[in-house]
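The structure appears right after this line, and notes come after that.
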Amino acid sequence: MHIAIIGLPNSTKTTIFNALTRGNLETAAFSSGHFDVHSAVVDVPDARVDRLSAMFEPRKTTYAKVTYADIAGLAKGVGEGGLSGPLLNTLSQSDALLHVIRAFEDPDVPHTEGSVDPCRDLAIIDGELLLSDMIIIERRIERLQAQLKKGGDKQAKARDEAELALFLRLNETVNAGAPLRDMDLTPAELKMLRNYGLLTLKPLLVVLNVGDAPADTAIETLCDYRHRRTTIAALQGRLEMELAQMPPEEAAEFLSGYGISEPGLNRIIRMSYSLLGLHSFFTVGEDEVRAWTIPVGAHAVDAAGVIHTDLARGFIRAEVIAYDALIAAGSMAAAKQKGLLRLEGKEYVVQNGDILNIRFNI
Ligand SMILES: Nc1nc2c(ncn2[C@@H]2O[C@H](COP(=O)(O)OP(=O)(O)O)[C@@H](O)[C@H]2O)c(=O)[nH]1
Ligand SMILES: [Mg+2]
């Protein structure tokens, strides 16, 4: 899962990236203006994994992962003529976008637009994304229309006609100024669109950096911004970055000093995860306690396939126990004794936090 961090120059993207990834990239009050990408893989914090790890004392503990990419170079006006080259490439390949917006005053940090105005900045970047999609959609429509004029075999023609109808619907949406993620699209239609790099189709996480004001006083419903697959969160950027860069014990002491149970960042990381419609199941044992990522609604056989294709191919049954049931029982042995493990078939819809043991034969 890959999330691209975007925003105006100086909107504190690198600060948020450092906070999310415990990174140490240079932040600056002036933007270099160059296109540049830095990526880092981050564990999804999950207290259930910690708890299971304490129960099984495995040699290895593995959390679910998210990759964040800090992208410089997206500014007002780059969308004229379309975002292009490596910038568009990087954005298209991501599963979701994280838009960082500056929402604090600080005379030492210049703003490219001359003033601090989160709603305006949100609209600027949205406009660039929309413009990029408009250009892609228009080109595709022209191409399909030309192809249909030329004729060809029946099957190809039917396919092109279906695609044209879909792209005309997309065109209506973007021309009305709405992001594509607001549309009702079937899984088959989404599949058809997968390779076009449509940016407003991607889930969006808006992160407001509220600076030194406590994050809980911040606006959570920003600018009457209501779209599907969109989440808005507030964060004290610099504070979170400093926390992320501290040794863990020091950070814990700092947090408890302020009566905070966990860094705001953990929340953001989990939000990115659920925004993508994903959740975790676990495997446990002496070797490894591990969180695996699957789409909400995935079946036991899909979960098996995430672990290894052989497990899906030779799937017999899944032994399942819910996380809470295992914790209540106190140990796997006790859970077995009480008969809490269920046997489920291929079509079982895996629940968030299920602990699975796949029985298979190949
Ligand atoms: N006062 C204040 N300044 C911040 C905060 N977060 C970031 N900055 C400053 O904002 C400037 C731009 O940050 P940076 O992350 O480099 O922005 P980018 O260009 O979007 O990557 C830097 O000088 C940061 O130190 C914050 O929470 N409060
Ligand atoms: Mg930067």
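As the structure is a prediction and not an experimental result, all values here were calculated from the model. Atoms within a ligand are numbered from 1 in the order they appear, just like the ligands themselves.
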So the atoms of ligand 1 within less than 4.0 Å of a heavy atom of Asn10 turn out to be 12 (C), 17 (O), 18 (P), 19 (O), 20 (O)

Any N/O/S atom of Asn10 sitting less than 2.8 Å from the Mg ion (ligand 2), backbone or side chain? no

Atoms of ligand 1 under 4.0 Å from any heavy atom of Gly211, numbered from 1 in the order shown, are 26 (C), 27 (O), 28 (N)

Ligand 1 to Asp106, heavy atom cutoff 4.0 Å, flagged ligand atoms 1 (N), 2 (C), 3 (N)

Going by the 4.0 angstrom heavy-atom rule, the piece of Val109 near ligand 1 is side chain

Closest to atom 21 (O) of ligand 1 (heavy atoms only, candidates Val100, Ile5, Thr14) is Thr14

Would you check if the side chain of Thr230 reaches a backbone N or O of Arg228 as a donor-acceptor pair within less than 3.5 Å? yes

Query raised in the report: Considering distance alone, does some N or O of Lys13 sit under 3.5 Å from an N or O of ligand 1?
Result: yes

Counting heavy atoms under 4.0 Å, the part of Asp212 that contacts ligand 1 is side chain

So with a 6.0 Å cut-off around CD of Glu253, is the heavy-atom count from everything else above 12?
no

| message | Just checking Arg120: does its CZ atom have more than 12 heavy atoms from other residues, nucleotides or ligands closer to it than 6.0 angstrom? | response | yes

- request: For Arg342, look at atom CZ and say whether over 12 heavy atoms of other residues, nucleotides or ligands are found less than 6.0 Å away.
  value: yes

Exam field: side chain His111 to backbone Glu113, donor-acceptor pair closer than 3.5 Å: yes

Note: ligand 1 atoms sitting under 4.0 Å from heavy atoms of Phe104 are 1 (N), 2 (C), 3 (N), 4 (C), 5 (C), 8 (N), 26 (C), 28 (N)

Here the atoms of ligand 1 under 4.0 Å from any heavy atom belonging to Ser11 are 20 (O)

Between Ser92 and Leu88 (side chain of the first, backbone of the second, donor and acceptor by atom type, cut-off under 3.5 Å), is there such a pair?
yes

Q) Do ligand 1 and Thr12 have nitrogen or oxygen atoms that lie under 3.5 Å from each other? A) yes

*Okay, side chain of Thr186, backbone of Glu189: is any donor-acceptor separation there less than 3.5 Å?*
yes

| Could a heavy atom of Gly7 be found less than 4.0 Å from some atom of ligand 1? | no

Test salt bridge (Lys or Arg N to Asp or Glu O under 4.0 Å) on Glu319 and Arg359 and set out the steps.
CA-CA 7 Å; Glu319 259 177 4; Arg359 293 190 189 167; 2.7 Å; yes

